[in-house]
Structures are given as C-alpha cells and as structure tokens.
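Scroll down for the structure; my scribbles are underneath it.
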Amino acid sequence: MSKIFLHVVIDVRPGKYQEFVTLLKKHVEKIAAETGCEYIEIFQNPDQADVVHVYETWNNRAAWDAHMANENSVTWKKISSEYVFGETIAVLNKL
C-alpha cells in the first residue's frame, strides 16, 4: 500500500488562534503516537494570521482512515468546531 501525504489548511476564527493552537498541539501529540502516522507537523504562514497548516504522512490509506474514525478524532471534531470556520484537506501525490 502507498503512503498518504496530506496538507490540511485550517481557518481559525478571529481571536481564537492562540487557544486553538495550544489545543491542536496536544491533539497532534496524540496523533503522532497512532499506528501508521509517520509524520505530523503544524506550520503558520506569517502572511496568514488566522490560518494553520498541518502536514501529515501516513504509511497507508487504511491507517489514515482508522485515524479519521477513532475516538480521538471524533472528539477533536466536536472541540475544534468552536475554533474553526473552515478546513481543507488535500491528499497529495508524491512526484
């Protein structure tokens, strides 16, 4: 099975950025320990004050699918809805 490379762009509600990033860092620590997660890191473009970029690599699609359905991710979706008004997940192809 092939690896999955993701770029997630998260639009954070104004005034919620720092609190969201603090929570996201704790969430990312849990994700990094999940089976199949090879890499996950949070970034900010200094020209986009309320946007978070997350890059992830999973060893296969089944591992990512399991991550998206697990209790941690389901709980996170409920928590993050207070902070986020838009999110785009792009599955990238390695060239």
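Worth saying up front: this structure is predicted, and the values here are computed from it rather than measured.
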For a ring-ring contact (aromatic ring centres under 6.0 Å, His included) check, start with the C-alpha distance between Y55 and Y39, then their side-chain angles and the critical distance, and finish with the verdict. CA-CA 8 Å; Y55 287 92; Y39 175 85; 7.9 Å; no
Residues V84, D11; criterion side-chain contact (heavy atoms from CB on, under 4.5 Å); working and verdict: CA-CA 6 Å; V84 173; D11 294 307; 5.7 Å; no
Does E82 come within less than 4.0 Å of R13, counting only side-chain N to carboxylate O? no
Decide side-chain contact (heavy atoms from CB on, under 4.5 Å) for H53 and V8; before the verdict, give the C-alpha distance in whole Å, the side-chain angles of both, and the deciding distance to 0.1 Å. CA-CA 6 Å; H53 297 264; V8 183; over 6 Å; no
Checking side-chain contact (heavy atoms from CB on, under 4.5 Å) for the pair E56/V54: CA distance, chi angles, key distance, verdict? CA-CA 7 Å; E56 304 176 37; V54 181; 3.9 Å; yes
I need the D50 CG to Y17 OH distance, nearest 0.5 Å. 8.0 Å
Taking all non-hydrogen atoms of both residues, which atom of A63 and which atom of N59 are closest, and how far apart? CB-OD1, 3.6 Å
What distance do E38 atom CD and N60 atom CG have between them, rounded to the nearest 0.5 Å? 8.5 Å
Looking at every non-hydrogen atom in both residues, tell me the closest pair between A32 and I40 and how far apart they are. CB-CG2, 3.9 Å
Specify whether W76 and F20 have parallel, tilted or perpendicular ring planes, treating 30° as the upper limit for parallel and 60° as the lower limit for perpendicular. tilted
Hey, could you give me each pair passing side-chain hydrogen bond (donor to acceptor under 3.5 Å, both in side chains) that has a residue in residues 83-92? Not counting sequence neighbours. E19-Y83
Taking every heavy atom of V74 against every heavy atom of A69, the minimum-distance pair comes out as CG2-O, 3.9 Å
Can you say whether the rings of H27 and H67 are parallel (under 30°), tilted (30 to 60°) or perpendicular (over 60°)? tilted
Go through it in stages, so that I can follow the logic: the residues are V51 and I10, the test is side-chain contact (heavy atoms from CB on, under 4.5 Å), and I'd like the CA-CA distance, side-chain angles, deciding distance and then a yes or no. CA-CA 6 Å; V51 178; I10 305 167; over 6 Å; no
